[in-house]
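Everything numeric in this text was worked out from a predicted model, so none of it was measured. In what follows, every chain begins at residue 1, and chains take the letters A, B, ... in the order their sequences are listed.
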Amino acid sequence: MKFASSYEPGDFEADIYAAWENSGVFRPAPYVEGEKAYSIVMPPPNANGNLHIGHGLTMAIEDSLVRYHRLRGESTWYFPGADHAGFETWVVYERNLEVTGHTRFEYSRDDLYAKVWNFVQEQRGNMEKQVRALGTSCSWDDMTFTLDEQVVRRVYKTFEQMWQDGMIYRGEKLVNYCPKHQTAFADIEVEHEDEKGKLWDIAYPFADGTGEVVVSTTRPETLFGDTAVAVNPSDSRYDGMIGAMLRLPLTDREIPLVADEHADPEYGTGAVKITPAHDYDDFEVGIRHDLPRIRVIDDSGLMTGCGEEYDGMTTAECRKLVLRNLKEMGLLRGEREIVHAVAHCYKCGTVIEPTLKEQWFVDVKRLADAAIREINADKIKFFPASKKKVLVNYLKGLKDWNISRQIPWGIAIPMFKLAEPGATLPDGTPAPDWVFDERTQLTEIERGGARYVRDEDTFDTWFSSSHWPIVCTDWEAQNTGAHDLNPYYPLNVMETGADILFAWVARMIMMGVYVTGEVPFREVYLHGLVLDEHGQKMSKSKGNVINPIELVSKYGSDAFRLGILRGRSAGMNQAFSEQSVVSGRNLCNKLWNVSRFIQQLVDENENGDETVHTFNAGEDWICREIDEARKLLEKQMKEYRFSEAVETLYGLLWDEYADWFVESQKIYKNVPLLKRTLEAVLVLMHPFAPFVTEAIWQNLSWTEGMIITASWPERLKYDPISAEEFEKIMEVVTEVRSTLTAIPGGKKWPMLYGDDSLVDDNQVLIQYLTRVPLVTSCEDQPRGIRVALANREVYLDVPEDVVAKYASALEERILAVGRELDGLNARMMNPRYVDKAPAALVEETRRAIEEKTALIERLKLERQAI
RNA sequence: GGUUCCAUAGCUCAGUUGGCUAGAGCGCACGAUUCACAUUCGUGAGGUCGCAGGUUCGAGCCCUGCUGGAACCACCA
């Protein structure tokens with residue numbers, strides 16, 4: 001006997017995964033022109049990291065989809081990946097470096113790159129192992145690392161195209177700058193948090209001594225960078241003063257009072273100091289009024305150019321000193337508590353210093369407009385649908401994208417700067433300041449006789465990862481000529497977390513449309529966050545992090561997948577607990593034991609004793625149920641309704657297959673059908689529980705090949721009338737069971753029946769399922785308690801004294817049926833219902849009324865008898 | 001300030017063209033058990049579907065308003 005009495009996932013999973021992987025089934029079946037292909041990419045987990053619960057959900061969803069489509073015979077391609085995770089990895093590495101007493105500034109970029117490369121290689125491997133442990137059936141041969149040569153090549157090509165299209169520019173703009181990591185960020189990488197702060201009022205006297213303007217600010221230390229004070233043009237308090245010069249306290253500079261809409265008369269004093277080099281709004285004001293930009297905070301976050309007294313201080317130290325000095329001078333006029341949003345580095349929490357820097361920007365307008373056009377033309381279907389609006393709304397307001405980072409770990413920006421400004425080419429024309437060149441391994445190149453030096457920045461990781469569908473499907477190589485040569489691009493679906501809709505999904509769409517002219521995927525499924533069992537966000541500091549791999553080793557991969565998908569719907573943040581995994585484990589064990597039992601029956605009947613009989617033991621009924629479940633699953637998979645799909649499978653296996661059909665088959669065995677139906681159930685469950693279904697498939701004596709490449713069940717044939725009949729038997733059984741429990745004493749009583757061929761034909765089955773001691777005809781002499789079945793005469797042979805004890809249960813039953821009947825009657829009495837509702841519905845109501853009326857009459861008779 | 005989502009049983013959640021008595025798992029109560037499975041089986045209790053209106057023969061579902069929560073975006077000095 002190959003089947004142990006319970007399913008032990010640890011005994012099978014590793015071997016099964018290896019068998020799948022070695023047999024090559026993870027690779028797509030050769031694509032046949034005109035047939036269906038199915039492609040999906042894995043959002044690449046950090047190459048040197050470990051999987052967290054979100055990855056667990058991603059893999060569960062994606063692999064279920066992939067296995068489902070593979071079973072349906074589609075050429076299915078699931079592309080795995082590993083992310084160099086530019087900034088994330090760099091932060092980890094830099095911390096390690098600091099522990100050894102070194103800093104990044106001791107090394108060249110190329111050295112650092114090599115060091116991090118080695119670091120990642122040493123750390124690498126866990127992630128891939130964990131992806132395998134989750135059962136992910138991706139095509140490992142096509143594993144792509146985000147720093148692989150073909151990725152870099154593709155990114156450079158796009159960048160060059162954008163450069164030529166005039167969409168890339170280098171600009172001195174305010175960028176989000178983290179003084180700790182000393183790099184700039186895109187807007188999306190900055191986290192805003194409401195914080196308590198103070199708003200100070202500071203007097204700026206007029207240069208001519210005729211008075212003063214009091215400004216309100218949260219950042220007094222940036223005063224040294226002020227180049228104007230602005231008031232609202234409509235603010236009558238400042239009539240006639242616009243254009244006057246003010247003396248900037250603590251300095252010997254004079255700055256103008258300007259009128260600008262930016263100043264809100266309602267806020268503070270209505271006057272705002274303008275520091276174009278350190279504030280986004282002020283930068284804009286500065287452009288409007290042609291103001292100079294003075295940097296007073298350097299790249300390390302220290303004060304600079306403010307005079308000896310202040311230079312070299314941190315911003316906090318400087319703020320204190322400035323306030324003290326202003327107070328002594330009598331210029332500090334007020335101070336109040338406020339709450340305002342402060343930007344933080346998403347990695348270290350350091351306050352982001354908006355800083356004036358030269359950076360590479362992508363002019364996103366053209367990209368965003370094209371993306372919006374495709375999205376609005378419904379070229380991409382969103383799950384949940386509401387994300388479409390959210391995304392369009394985001395794209396509409398998108399500002400130019402800063403793509404350069406001052407960290408060494410990443411793809412080098414392929415731009416070189418003219419070494420000697422103003423140099424001319426041999427033909428006398430001025431040499432361009434910047435040239436594109438892919439030879440980023442060189443620090444210096446020569447172009448047209450001029451010398452150029454490499455830009456030391458690297459790309460924002462989202463710039464390269466926005467190419468992911470293009471790179472994974474090798475779009476370029478496949479599409480040199482005609483456009484639709486590659487059946488795997490666009491991807492069928494992009495599955496990822498709703499939290500990176502903007503950072504990643506939006507950019508993939510923009511880039512896909514720009515590079516290929518086509519959206520990169522036809523559907524987007526976004527999952528929500530996995531929260532802890534109390535609905536709290538998981539975090540290390542809260543200590544409520546659940547490790548998916550631990551759950552896998554404790555309960556099995558399938559249990560984890562079933563558990564995490566249970567109750568999961570698109571876009572929703574949802575609580576998750578170990579309990580749901582336990583429930584998944586139980587399901588696997590149930591499936592295992594059903595299979596074990598059926599194998600036993602097969603073994604016992606292997607000598608051809610597979611009699612086909614005339615009794616109805618649910619054969620047609622189970623075929624119908626399996627068929628219905630199959631159709632339902634197909635619909636649910638198409639609509640990404642995982643919660644319901646898992647429900648469907650639970651119901652099919654547990655309630656229908658095991659509790660009714662297999663139970664019934666203990667009386668009348670139809671071995672060929674047991675085999676066929678078990679196969680169908682296994683295949684239907686395979687996408688969600690790949691290991692246990694494969695383990696069973698391998699253990700069963702009659703199955704061939706591997707279930708992973710089996711075929712999705714065909715339509716099962718059944719006689720609908722016979723299926724209905726079994727349902728009637730189920731009704732009898734359920735009602736008898738229920739009545740038995742309602743009778744005080746907890747005893748099983750014999751069952752009697754009147755003139756009833758259905759019961760007559762299925763006596764043995766009914767007796768087995770109800771566990772009554774006897775089922776026999778009452779031969780026109782009914783006695784005992786009549787079971788509440790409308791069109792059937794079924795009795796429990798209970799002595800008079802026990803019948804009397806049943807009275808209260810009967811009374812309750814009469815009331816319940818009465819309430820139902822009242823509801824139905826009320827509906828029927830409404831002439832507009834009869835008039836307007838669909839005829840079939842009205843007819844159904846009519847029939848229900850008839851049935852309930854008959855039932856209640858009989859129950860009342862019964863009551864009288866007692 | 002803007003956008004979006006959520007509110008259904010004690011808990012976690014399903015519920016998509018509006019249709020019969022609103023479902024599941026867990027938990028709870030009562031009962032069962034000589035072999036496929038205690039990781040089991042049977043029976044049951046528990047919900048005016050956040051509140052107030054509206055549309056409709058009919059609303060958990062559609063519309064309006066309100067209350068309470070969450071997420072994201074945003075330059076508030």
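- Among the heavy atoms of the strands, none lies under 4.0 Å from A:P354.
- Scored by the side-chain hydrogen bond (donor to acceptor under 3.5 Å, both in side chains) test, A:T275 finds A:D226, A:K273 as partners (sequence neighbours excluded).
- Checked against B:C6, B:A36, B:G19, the side chain of A:P838 finds its nearest nucleotide in B:G19.
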If you restrict it to nitrogen or oxygen atoms, what contacts under 3.5 Å exist between nucleotides 67-77 of chain B and the protein, and what is each distance?
residue	atom	partner	partner atom	Å
B:C75	OP1	A:K399	NZ	3.3
B:C75	O2'	A:D281	OD2	2.9
B:C75	N1	A:D281	OD1	3.1
B:C75	O2	A:D281	OD1	2.2
B:C75	O2	A:D281	OD2	2.6
B:A77	OP1	A:H340	ND1	2.4
B:A77	O2'	A:S216	O	3.4
B:A77	N6	A:D264	O	2.9
B:A77	N6	A:Y267	O	2.1
B:A77	N1	A:D264	N	3.0

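- Comparing B:C13, B:A36, B:C37 by their nearest atom to the side chain of A:Q574 picks out B:C13.
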Polar atom pairs (N or O), protein with nucleotides 41-45 of chain B, under 3.5 Å:
residue	atom	partner	partner atom	Å
B:C41	OP1	A:K590	NZ	3.0
B:C41	OP1	A:W654	NE1	2.3
B:G42	OP1	A:D659	OD2	3.2
B:U43	O2'	A:T741	OG1	3.1
B:G44	OP1	A:S738	OG	3.4

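- Residue pairs meeting the salt bridge (charged side-chain N to carboxylate O under 4.0 Å, His left out) criterion with at least one member in residues 555-565 of chain A, sequence neighbours excluded, are A:D63-A:R561.
- Remark: P of B:G31 and CH2 of A:W749 are 17 Å apart, rounded to the nearest angstrom.
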Check nucleotides 16-18 of chain B against the protein and report each pair of N or O atoms closer than 3.5 Å, with its distance, or say if there are none.
residue	atom	partner	partner atom	Å
B:U16	N3	A:R641	NH1	2.9
B:U16	O4	A:R641	NE	3.2
B:U16	O4	A:R641	NH1	3.3

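- No side-chain heavy atom of A:V733 sits under 4.5 Å from any side-chain heavy atom of A:Y768.
- Within the structure, the side chain to side chain donor-acceptor pair (under 3.5 Å) test picks out the following pairs touching residues 576-585 of chain A (sequence neighbours left out): A:K554-A:E578, A:Y555-A:E578, A:R566-A:S583, A:S583-A:Y650.
- The interatomic distance linking A:D532 (CG) with B:C11 (P) rounds to 16 Å, in whole Å.
- Between B:U4, B:A36, B:A14, one nucleotide has an atom nearer to the side chain of A:V594 than all others, and that is B:A36.
- With B:U4, B:A36, B:U39 as the candidates, the nucleotide lying closest to the side chain of A:S6 is B:U39.
- When each of B:C37, B:G19, B:U3 is scored by its nearest atom to the side-chain atoms of A:N393, the top-ranked nucleotide is B:U3.
- Of the candidate nucleotides B:A36, B:U4, B:A14, B:A14 has the atom nearest to the side chain of A:S643.
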